Protein chains: 2
Amino acid sequence: MPTDPIPRPTIYDVAQLAGVSKSLVSLVLRDAPHVSDVRREAVLAAIEELGYRPSPAASALASQRTRTVGVLIDDFHNPWFVELLAGLRSILDPAGYTASVADLQLEAASGRNPVDGFLAQHVDALVIAADPAEGTLDGVGAPIVVAGTREFGAAADAALVADVVAGDDALGARLATEHLIRLGHRSIGHLTGSSGPGAQRRRGYEEAMQAAGLDPLVFGERGGTSEADGYAAACALLDAHPGITGVVAANDVMAVGALAALRERGLTVPADVSVVGHDDSPLAAYRYLALTSVDGHSREVGAESARTLLARFEDPGMPPHRKLLEPSLVVRGSTAPPRA
Amino acid sequence: MPTDPIPRPTIYDVAQLAGVSKSLVSLVLRDAPHVSDVRREAVLAAIEELGYRPSPAASALASQRTRTVGVLIDDFHNPWFVELLAGLRSILDPAGYTASVADLQLEAASGRNPVDGFLAQHVDALVIAADPAEGTLDGVGAPIVVAGTREFGAAADAALVADVVAGDDALGARLATEHLIRLGHRSIGHLTGSSGPGAQRRRGYEEAMQAAGLDPLVFGERGGTSEADGYAAACALLDAHPGITGVVAANDVMAVGALAALRERGLTVPADVSVVGHDDSPLAAYRYLALTSVDGHSREVGAESARTLLARFEDPGMPPHRKLLEPSLVVRGSTAPPRA
DNA sequence: TTGAAAGCGCTAACAC
DNA sequence: GTGTTAGCGCTTTCAA
């Protein structure tokens with residue numbers, strides 16, 4: 001027969017030991033301003049002595065808020081989210097908020113709507129770092145911040161009231177493309193995929209090419225953004241334009257897919273062809289790959305998203321906040337001037 | 001001035017609309033056995049009509065359990081956890097449990113003990129898929145299942161009562177090593193790192209080598225298990241034993257680090273040297289890397305962990321459950337017979 | 001600055 | 001089978 005667990009001390013036990021009322025303990029916990037130092041000390045000591053932990057359930061029930069924010073990630077396989085999350089938490093934690101993280105792919109696989117899941121959890125706000133299905137964000141009663149460049153159905157987009165914090169993906173792709181142009185490349189292809197950031201990155205690439213008087217060559221428009229998609233798009237690009245000397249990929253994994261396509265054709269990186277990725281993921285930093293990549297500063301995107309949320313909690317009527325962070329290019333070994 | 005949100009319907013509203021009592025609604029929600037179909041239908045209809053969502057906070061408070069299990073992951077950068085999580089959720093979701101996921105690295109960075117965090121959340125159980133700091137698991141009042149091979153302080157280990165579900169890491173490394181031996185390799189090095197699985201994998205490698213009458217060559221014992229660590233260990237190995245023709249790495253990222261070290265020395269994979277990874281991560285499947293790797297079936301580890309937990313909820317007195325799943329080898333392009 | 005008291009929405013005996 | 005009745009542990013007016 002299993003021993004019954006010792007019941008956890010409640011706020012009531014703390015109050016009794018400290019010789020004060022429940023309400024006073026509650027005030028100390030939320031470190032309210034008007035509490036005398038003597039009483040505060042006494043309460044803190046009692047909490048310590050009892051090993052008291054407040055019950056989030058009771059607190060949520062009484063206060064009607066969970067102090068939890070739902071974070072919707074696109075795909076746990078793409079480690080882009082790790083920095084985003086670190087940034088979010090660096091602000092949320094000290095403010096007493098908890099991040100509840102879900103992965104869109106995983107949720108979709110289990111056949112449920114992740115936003116609904118968060119709503120069922122009664123989160124106080126949502127951070128969306130994924131392209132959600134059309135309409136899923138309508139009528140959410142909680143503040144929403146969209147982190148990263150995202151694509152919504154046109155209708156939803158108009159109706160959606162949300163704050164937006166993102167890296168400037170178009171600018172990032174422009175930086176990547178201009179880097180190749182500056183190195184002397186003229187024949188540069190782009191590997192894209194259908195996603196919110198993908199569309200912006202493609203635009204940046206196209207702008208840079210046009211500004212330099214070069215023809216944009218875009219492949220993979222109908223595909224996804226995985227390594228396999230990058231490989232497929234690169235194959236199509238190379239078959240159509242074998243003379244290419246530069247490739248700008250919509251992200252790092254696609255760039256790795258391109259690497260395989262190039263090697264299969266006997267082309268060397270960067271001697272024959274230069275390759276640029278996007279996201280500056282850990283992948284790009286691996287010595288074996290050494291990808292030049294665009295850093296979108298996702299940690300700062302996360303932190304700024306959290307700050308925006310806290311500001312909106314303070315003032316729900318605040319006008320929509322939109323912020324684009326400036327990306328930077330990280331040059332590694334996958335780019336070089338074209339062969340003379 | 002912001003509009004006040006419409007108050008969410010409560011169980012009471014549902015009861016009223018359905019013309020039954022609160023308790024009956026509660027019974028329907030937990031689909032209890034003895035409810036007449038008529039009433040059940042009425043309640044379900046009312047729930048639907050009102051768009052009612054039960055309040056987890058109220059439910060947790062009243063029932064004294066959160067129906068949440070805390071999942072401690074080692075490092076979000078290592079996508080090993082994605083499959084583990086998918087497996088866990090495939091069982092937990094239908095049973096009405098929620099997984100709350102934390103990353104040991106991230107928590108450590110914010111200076112807090114993740115297990116404490118889970119305890120503060122009042123989770124009903126813990127799944128540990130990381131090497132927790134010594135002593136952190138002592139005196140946890142909730143069921144624990146350790147997923148994967150883990151290392152605990154010796155003292156804690158003795159006291160710790162937990163169920164264990166893991167891939168057989170030693171066997172996996174043995175499979176990898178035997179694969180190289182069978183291909184004809186005689187001079188095979190191992191790249192290890194300090195971690196729970198690392199120690200087991202090293203053991204498997206050593207056993208296979210000894211069984212074949214070969215000398216084990218282990219490097220990286222004092223290091224970590226990242227790409228950089230794999231690179232460093234491989235450099236040490238190659239400097240000490242330039243004639244090596246096979247490398248067994250403790251995981252896939254370390255194998256990628258080794259790839260860089262080999263290339264720097266002008267060695268080709270697999271023509272000059274064969275490389276085997278471990279975990280069969282997405283990395284291993286990238287065409288550009290095409291790593292032969294050991295699949296530890298982490299999805300099944302997750303599912304079995306969840307099943308174990310549910311069983312223990314049913315019967316807390318159940319004897320400790322220990323299960324090792326048999327790994328399998330996935331052969332790709334990074335291994336081949338040694339040059340004649 | 002502190003205490004008393006009324007719930008928050010739900011579960012779980014227990015009675016009918 | 002179904003309803004009644006206490007709370008679960010905390011927050012939050014409102015008085016004192």
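Numbered from 1 within each chain, the chains take letters A, B, ... in sequence-line order. When reading the values below, keep in mind they use all heavy atoms of this one structure, side chains included, and skip hydrogens, waters and symmetry mates. Here the structure is a predicted model, which is why all the values come from computation and not from measurement.
The salt bridge (charged side-chain N to carboxylate O under 4.0 Å, His left out) test applied to A:R312 returns A:D163, not counting sequence neighbours.
Across all strands shown, B:V25 has no heavy atoms under 4.0 Å from either base or sugar-phosphate atoms. At the heavy-atom level, A:S26 lies under 4.0 Å from base atoms of the strands shown.
The phosphate of D:dC10 has OP1 or OP2 within less than 4.0 Å of a side-chain N or O from A:Y52. For the pair A:R8 and D:dG9, the criterion of a side-chain N or O lying under 4.0 Å from OP1 or OP2 is not met. In this model, the phosphate group of D:dG9 is not approached by any side-chain N or O of A:T10 to a distance below 4.0 Å at OP1 or OP2.
Nucleotide D:dT4 holds its C1' atom 10 Å from the NZ atom of B:K22, rounded to whole Å. The nearest whole Å value for the distance from the CG atom in A:D13 to the P atom in D:dG9 is 9 Å. For the pair A:I11 CD1 and D:dC10 P, the computed distance is 5 Å after rounding to whole Å. We find that CD of B:Q16 is positioned 17 Å from C1' of D:dT4, with the value rounded to whole Å. For the pair A:L27 CG and D:dT12 P, the computed distance is 10 Å after rounding to whole Å. The distance between atom CD of A:Q64 and atom C1' of D:dG9, rounded to the nearest whole Å, is 14 Å. Rounded to an integer number of Å, the gap from B:D37 CG to D:dT2 C1' is 15 Å. Straight-line distance from the CG atom of A:L24 to the P atom of D:dC10: 15 Å, rounded to whole Å.
Closest-nucleotide positions on DNA chain D for B:L61 and B:S36 were compared, and the one nearer the 5' end corresponds to B:S36.
Taking the side chain as every heavy atom from C-beta outward, B:T308 and B:S305 never approach each other to under 4.5 Å.
A side-chain donor-acceptor contact under 3.5 Å links A:Q121 and A:S100.
Under the 30°/60° scheme for interplanar angles, the aromatic rings of A:F81 and B:F76 are found to be tilted.
When all heavy atoms are compared, the tightest approach of B:S26 to B:I11 is N-CD1, 3.8 Å.
No donor-acceptor pair closer than 3.5 Å links the side chain of B:D124 to the backbone N or O of B:V69. Of the possible polar contacts, one joining the A:R322 side chain to the A:A162 backbone as a donor-acceptor pair under 3.5 Å is found.
The base of D:dT4 is paired with the side chain of B:S23 by a donor and an acceptor separated by under 3.5 Å.
Boundaries of the chain B contact region on DNA chain C are C:dG9 to C:dA12, first to last in 5' to 3' order (nucleotide atom under 4.0 Å from a heavy atom).
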